[in-house]
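Nothing fancy with the numbering, it's 1 onward along the sequence. The structure displayed is predicted, hence computed values, not measured ones. Side-chain atoms are counted along with the backbone in the values below, which use heavy atoms only and exclude waters and symmetry mates.
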Amino acid sequence: VGRSPKKIWWQSEILGADNMIFVTIGMLYGFNRLIKKMDEIALMGEDVVMQIGESSYLPKNTKYFRYVSKIDMNKYYENARTNVCHPEVDSIIPGLEYGKPIIVVPRLKIYGEAVDDHQVEIAKELQKKGKIKVAHNIEELEILLNSIKETDKYNKENKKSDLVLN
């Protein structure tokens, strides 16, 4: 079982450190492929906190939780150096609002993670707008994380309207 979010905040130096990677996958479905890969990346020395939702895989090397309040979620977004998520607006917007670099990993039909590949299409459109980076396969995730520099933070003036796909 994961540690409670309050325990993470009070017993960790992560809060305010701006060096943590925050992973969120939403509330309705699990995303074991992403959770497993980020757990491997954490083993390499990265500070990672994950919201794992309904995933059946339980991380061994990271701090994690299934669900927290919106207020607590916003603290994680704010204090992360990078946000990793699936390409749905509710997962992307908070990171953009805090000016964080965002890497998305689409759920794929081939792995039974989605009924179709609509997340691939959303990710492509947002990538064209320059708002996110996309790991088109899970092995690209580590490369993208390594490519993000402190100066790669997105403009804090990002607005929700910037996400409208035309």
Is a salt bridge present between E125 and K128, judged by a nitrogen-to-oxygen distance below 4.0 Å?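 Yes, E125 and K128 are salt-bridged.
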Hydrophobic cluster identity match, I138 and V120, side-chain contacts under 4.5 Å: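 As far as the 4.5 Å side-chain criterion goes, V120 and I138 are not connected within one cluster.
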Quick check: is Y29 connected to L108 through a chain of hydrophobic side chains (ILVMFWY, heavy atoms under 4.5 Å apart)?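 No: no chain of side-chain contacts under 4.5 Å links L108 to Y29.
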Taking all non-hydrogen atoms of both residues, which atom of [X] and which atom of [Y] are closest, and how far apart?
X	Y	result
P106	P87	CA-CD, 3.6 Å
M38	T62	O-CG2, 4.2 Å
S91	H86	OG-NE2, 3.0 Å
Q119	V105	OE1-O, 4.4 Å

Relative to the ring of F22, is the ring of Y77 parallel (under 30°), tilted (30 to 60°) or perpendicular (over 60°)?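 Rings of Y77 and F22: perpendicular, over 60°.
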For [X] and [Y], indicate whether the former's side chain and the latter's backbone hold a donor-acceptor pair under 3.5 Å.
X	Y	answer
R66	G53	yes
Q51	G26	yes
R107	V115	no

Beyond-backbone contact of [X] with [Y], side-chain heavy atoms, under 4.5 angstrom:
X	Y	value
L145	V84	yes
I92	K131	no
R81	E46	yes
L34	L141	yes
H136	L144	no

Output, in order, the C-alpha distance, side-chain angles, deciding distance and verdict of side-chain contact (heavy atoms from CB on, under 4.5 Å) for E54 and L28. CA-CA 7 Å; E54 292 298 313; L28 297 179; over 6 Å; no
For a side-chain contact (heavy atoms from CB on, under 4.5 Å) check, start with the C-alpha distance between M50 and I35, then their side-chain angles and the critical distance, and finish with the verdict. CA-CA 8 Å; M50 293 195 272; I35 300 302; 3.7 Å; yes
Can you tell me how far apart [atom1] ([X]) and [atom2] ([Y]) are? Round to the nearest 0.5 Å.
X	Y	atom1	atom2	answer
I102	I148	CD1	CD1	9.5 Å
N79	K100	CG	NZ	7.0 Å
K63	D47	NZ	CG	6.0 Å
K37	F31	NZ	CZ	13.0 Å

For side-chain contact (heavy atoms from CB on, under 4.5 Å), just list the numbers for N61 and V48, CA-CA rounded to whole Å, side-chain angles, deciding distance to a tenth of an Å, and then say yes or no. CA-CA 8 Å; N61 308 302; V48 178; over 6 Å; no
Looking only at side chains, do D39 and Y57 share a donor and an acceptor under 3.5 Å apart?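 The criterion, which ignores hydrogens and geometry beyond distance, is satisfied for Y57 and D39.
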Exceeds 12 heavy-atom contacts within 6.0 angstrom, atom CG of N137: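 More than 12 within 6.0 Å, yes.
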Is there a side-chain contact (heavy atoms from CB on, under 4.5 Å) between M73 and T24 once you walk through the steps? CA-CA 9 Å; M73 281 291 277; T24 181; 3.4 Å; yes
